[in-house]
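Below, read A as the first sequence line, B as the second, and so on, with proteins coming before strands; counting in each chain starts at 1.
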2 protein chains.
Amino acid sequence: MTRSDKGRRTIRDVADAAGVSIATASNALNGIGRTKAETVEKVRRVAEEIGFRPNALARGLLKRRSHAIGMITNDTYGRLTLPMVAGVSEALVDHGVSVFLCATNNDPRLARLHLESLLDRQVDGIIFTATRLDMRPPPEFAKLPIPVVYAFAEGPEESVTFHPDDAQGARLAVEHLQGLGRQRILHITGPEEYRAARIRADAYRALTGDGASVVFGEWTEEWGREAVAQMLSSGHALPDAIFCGSDEIARGVIDALRDNAISIPDDIAIAGFDNWEIVAKQTRPPLTTVDMELKALGRRAGLAIHRLCNGESVEPGTTRLPCSLIVRKSSQSDPR
Amino acid sequence: MTRSDKGRRTIRDVADAAGVSIATASNALNGIGRTKAETVEKVRRVAEEIGFRPNALARGLLKRRSHAIGMITNDTYGRLTLPMVAGVSEALVDHGVSVFLCATNNDPRLARLHLESLLDRQVDGIIFTATRLDMRPPPEFAKLPIPVVYAFAEGPEESVTFHPDDAQGARLAVEHLQGLGRQRILHITGPEEYRAARIRADAYRALTGDGASVVFGEWTEEWGREAVAQMLSSGHALPDAIFCGSDEIARGVIDALRDNAISIPDDIAIAGFDNWEIVAKQTRPPLTTVDMELKALGRRAGLAIHRLCNGESVEPGTTRLPCSLIVRKSSQSDPR
DNA sequence: CTTCTATGATAAAACCTTTTAGCAGAAATA
DNA sequence: TATTTCTGCTAAAAGGTTTTATCATAGAAG
């Protein structure tokens with residue numbers, strides 16, 4: 001009945017209840033030291049009985065490992081961030097690592113505030129995430145005393161960075177369209193200053209050669225509609241496929257083609273980029289699109305930061321993770 | 001030069017550098033105890049100089065306050081969760097409170113795992129969030145030793161809970177349509193087993209009286225299109241306005257009406273629910289819709305948990321926070 | 001000159017855990 | 001018998017902070 005009422009059980013309670021010293025209790029629970037088998041058994045049983053759970057703060061203080069990491073993102077409404085957080089969390093929960101999520105709202109003051117708070121909390125590492133591949137972290141990330149991993153964001157030279165493989169993803173889409181016999185493929189995409197847009201466009205050009213035709217614009221549905229309008233009024237021969245730089249653009253394209261009674265996929269096949277299901281599944285017809293596998297990206301980033309926190313090494317530089325192609329009816333009337 | 005090289009500065013370093021005891025240093029930094037003004041000044045200057053920042057683990061261990069909270073959500077792709085997290089985080093960052101985000105993926109095992117981990121980390125409180133208002137937390141939430149706040153989720157009797165005011169939001173939309181002179185308003189919404197759908201429908205019925213007509217279905221665009229098809233084939237007189245239970249449904253409705261050359265808003269005015277901007281701004285015409293103010297909801301939940309963690313009291317029960325109406329062209333040809 | 005009070009500072013305990021170093025007793029070796 | 005080795009356990013230190021109780025010193029009051 002010692003100190004049984006206030007607060008949580010401590011290892012002292014376990015030791016008392018089992019009639020051993022604190023040190024023995026600790027050793028038994030952690031399975032280290034020279035402890036008789038039956039003592040171990042007894043301590044563990046007692047600990048279980050009284051519901052002992054070690055205080056992570058005390059442990060962290062001593063071991064200099066908090067088993068927590070911070071995740072800093074600039075995205076507050078994000079369909080991009082949350083899948084990654086879920087992936088990170090999923091990869092780490094089994095290792096007993098928890099994740100502080102810090103939304104910076106693109107405010108550098110807030111970013112600094114969060115960063116300091118994370119350091120005060122002795123996080124073992126930090127994952128920096130953004131909504132643009134070429135978004136750079138604030139300068140104070142330059143020399144941090146703990147490892148940093150960049151996911152879907154641009155890190156400094158020689159940092160550990162994970163990006164979706166935009167080029168491979170674009171090839172997946174274009175080759176798919178070509179495999180269906182399409183010859184004249186148009187590429188409608190977002191602003192040229194986005195690195196992702198440029199990479200995808202380059203990959204597209206490499207496959208389509210002379211026939212390549214790229215129009216840069218916005219990441220919006222409206223731009224998709226407008227681009228179609230331009231295409232129709234130009235008087236040129238129509239393409240037999242359109243590869244869109246995002247699902248939103250694709251949605252605009254599909255709607256505009258529908259309005260003009262152009263059949264999808266018979267007259268023009270469409271492919272998008274993002275596999276943002278809530279959009280891609282609801283277009284008419286449903287959209288063939290490239291999935292960036294953001295959750296898997298998050299898992300990889302989580303694993304990487306975990307290795308780094310354990311002092312293990314991770315290949316530095318930018319790792320590009322493969323995208324996958326989700327085939328729906330906008331490209332094939334009857335996909336197997 | 002004492003222990004100047006390894007790891008972070010500790011309060012001991014500050015004390016040494018300022019030529020005072022640890023106790024005095026602590027007192028000076030925290031502004032308590034009887035300390036001479038110039039001593040305070042000196043200690044603070046020195047601390048600043050050597051870049052001292054207190055170790056949150058040590059402090060938390062002693063004060064039994066981690067100044068961290070946990071947020072548990074079942075939503076991984078969440079347009080609902082992230083705005084709330086952002087709101088919570090925004091409300092708490094100035095109080096020095098950080099947020100552990102735990103995504104449970106609807107897996108009770110994972111939920112339990114996360115919960116235990118949070119308790120081990122001595123979080124001061126927990127916010128439970130879900131993607132359905134009537135989603136109940138796992139049973140182990142019943143008697144937790146720390147305060148819990150429910151946001152966009154159903155808590156046990158007498159718990160502190162925040163919901164959007166669905167009824168008021170629905171009234172906002174319906175009254176807006178009525179204010180425009182619309183008499184025959186139809187309500188197309190999601191599944192009847194969702195509490196939110198029922199509440200919104202009831203509020204709608206209360207305002208439309210005999211003319212009320214509700215069709216329950218799915219939360220999808222496709223259902224919106226199908227509902228319009230049913231409406232058209234029924235042979236009844238067309239409504240002059242449709243209040244949709246979600247923006248996705250509204251989008252389907254708008255597309256289907258367009259396909260049938262029914263003019264929006266002249267023939268039929270449309271209002272949605274969610275203000276999911278990426279959808280609502282891109283419909284043709286852009287969608288008038290109800291905003292649930294999720295970020296504000298998050299802020300309120302954050303503030304509430306903070307008060308509770310400080311031992312202050314918070315009105316128990318369900319607090320319904322007002323929604324706002326965003327007027328766009330789907331209801332008014334020319335909104336002022 | 002003694003006793004009190006105020007002032008400013010500090011040693012030490014506390015929070016909870018892990019780990020090092022060491023202790024006593026038994027068994028094995030010389 | 002005397003020494004070494006092994007076994008099982010434990011006291012104490014460490015981690016970084018806050019707080020309590022105590023201690024000098026100096027000035028004020030008696």
Side-chain angles (χ1 to χ4, degrees), chain A residues 2-3 6-44 46-47 50-68 96 119-124 145, chain B residues 2-4 6-44 46-47 50-68 96 119-124:
Chain A
T2 32
R3 57 164 65 210
K6 44 181 50 186
R8 289 169 61 112
R9 306 275 159 267
T10 77
I11 198 168
R12 157 159 238 126
D13 298 329
V14 176
D16 289 355
V20 297
S21 74
I22 293 182
T24 303
S26 177
N27 282 339
L29 290 173
N30 297 313
I32 61 179
R34 300 181 299 226
T35 320
K36 215 174 13 173
E38 52 190 306
T39 312
V40 171
E41 153 68 15
K42 180 179 189 182
V43 168
R44 294 205 170 146
V46 168
I50 69 174
F52 166 75
R53 309 220 80 221
N55 182 321
L57 261 39
R59 180 181 270 169
L61 180 57
L62 190 57
K63 302 287 280 299
R64 293 192 167 71
R65 278 290 296 278
S66 63
H67 292 279
L119 292 175
D120 292 351
R121 296 193 132 81
Q122 319 288 119
V123 292
D124 301 332
Chain B
T2 35
R3 57 164 65 211
S4 70
K6 45 180 48 187
R8 288 169 62 112
R9 307 273 159 267
T10 77
I11 198 168
R12 158 159 239 126
D13 298 329
V14 176
D16 288 356
V20 298
S21 73
I22 293 182
T24 304
S26 176
N27 282 338
L29 290 173
N30 297 314
I32 61 178
R34 300 180 299 224
T35 321
K36 215 174 10 172
E38 52 189 308
T39 312
V40 170
E41 153 68 15
K42 179 178 189 184
V43 169
R44 293 206 171 147
V46 168
I50 70 174
F52 166 74
R53 309 219 80 220
N55 182 322
L57 262 38
R59 181 181 268 171
L61 180 57
L62 190 56
K63 303 287 283 298
R64 293 190 167 74
R65 280 290 295 278
S66 63
H67 292 280
L119 292 175
D120 292 351
R121 296 193 133 82
Q122 320 289 119
V123 293
D124 301 332

**Prompt:** Think B:N27 has a side-chain N or O under 4.0 angstrom from the OP1 or OP2 of D:dT19?
**Reply:** no

**Item:** From CZ (A:R121) to CZ (B:R59), nearest 0.5 Å
**Value:** 10.0 Å

**Message:** Below the 4.0 Å mark, does D:dC9 have OP1 or OP2 next to a side-chain nitrogen or oxygen of A:S21?
**Reply:** no

**Request:** With rounding to the nearest 0.5 Å, note down the distance linking CG in B:L62 to CG in A:L61.
**Result:** 10.5 Å

**Complete:** Note: for B:K63 and B:V20 on DNA chain C, the residue whose nearest nucleotide lies more 5' is B:V20

**Message:** Looking at C:dT18, I'd like to know if its phosphate oxygens (OP1 or OP2) sit under 4.0 Å from a side-chain N or O belonging to A:N30.
**Reply:** yes

**Request:** Treat a base pair as Watson-Crick or G-U wobble with both distances under 3.5 Å, then lay out DNA chain D in dot-bracket form, 5' to 3', with | for cross-strand pairs.
**Result:** ||||||||||||||||||||||||||||||

**Request:** Quick one: list whatever passes side chain to side chain donor-acceptor pair (under 3.5 Å) with B:N55, sequence neighbours left out.
**Result:** none

**Asked** If only side-chain N and O atoms of B:S26 are considered, is one of them under 4.0 Å from the OP1 or OP2 phosphate oxygen of D:dT17?
**Response** no

**Message:** Does a side-chain N or O of A:T10 approach OP1 or OP2 of C:dC16 to a distance below 4.0 Å, or not?
**Reply:** no

**Item:** B:R8 bridged to A:D120 by N-O distance under 4.0 Å
**Value:** yes

**Item:** Atom pair distance, as rounded to whole Å: CZ in B:R59 and C1' in D:dG16
**Value:** 11 Å

**Request:** Whole angstrom is fine here: how far is it from CZ in B:R9 over to C1' in D:dG15?
**Result:** 17 Å

**Fill in**
Whole-Å distance, A:R121 CZ to D:dT17 P, equals 15 Å

**Asked** Just by modelled atom types, is the B:T10 backbone N or O under 3.5 Å from a matching donor or acceptor in the B:D13 side chain?
**Response** yes

**Request:** Take A:K36 and A:T24, measure what side chain to side chain contact (heavy atoms under 4.5 Å, CB included) needs, and give me the verdict at the end.
**Result:** CA-CA 10 Å; A:K36 215 174 13 173; A:T24 303; over 6 Å; no

**Prompt:** Between A:R9 (side chain) and A:V14 (backbone), is there a donor-acceptor pair under 3.5 Å?
**Reply:** no

**Interatomic distance, A:D120 CG vs D:dG15 P [rounded to whole Å]** = 19 Å

**Fill in**
Nearest-nucleotide check on DNA chain D, B:L57 vs B:I32; residue mapping nearer the 5' end is B:L57

**Item:** Value in whole Å for how far the C1' atom of D:dG16 lies from CD1 of B:I50
**Value:** 13 Å

**Fill in**
So CG of B:D16 and CD1 of B:I50: to nearest 0.5 Å the spacing works out to 9.0 Å

**Request:** Go through C:dC16, D:dA11, C:dT10 for me and flag the one nearest to the A:A23 side chain.
**Result:** D:dA11

**Request:** Write down the distance between CZ (A:R65) and C1' (D:dA14), rounded to a whole number of angstrom.
**Result:** 19 Å

**Asked** Between A:T35 and A:V43, is any pair of side-chain heavy atoms under 4.5 Å apart?
**Response** no

**Request:** Residues of residues 33-43 of chain B with any non-hydrogen atom less than 4.0 angstrom from an atom of DNA chain C: list those, numerically ordered, please.
**Result:** B:R34, B:T35, B:K36, B:T39

**Prompt:** Would one find a side-chain N or O of A:R64 under 4.0 angstrom from OP1 or OP2 of D:dG16?
**Reply:** yes

**Prompt:** For A:I11 and D:dT10, what is the distance between atoms CD1 and C1' respectively, to the nearest whole Å?
**Reply:** 13 Å

**Request:** Check for a donor-acceptor pair, side chain of A:R65 on one end and backbone N or O of A:D124 on the other, with a separation under 3.5 Å.
**Result:** no

**Asked** For B:L62 and D:dT18, what is the distance between atoms CG and P respectively, to the nearest whole Å?
**Response** 8 Å

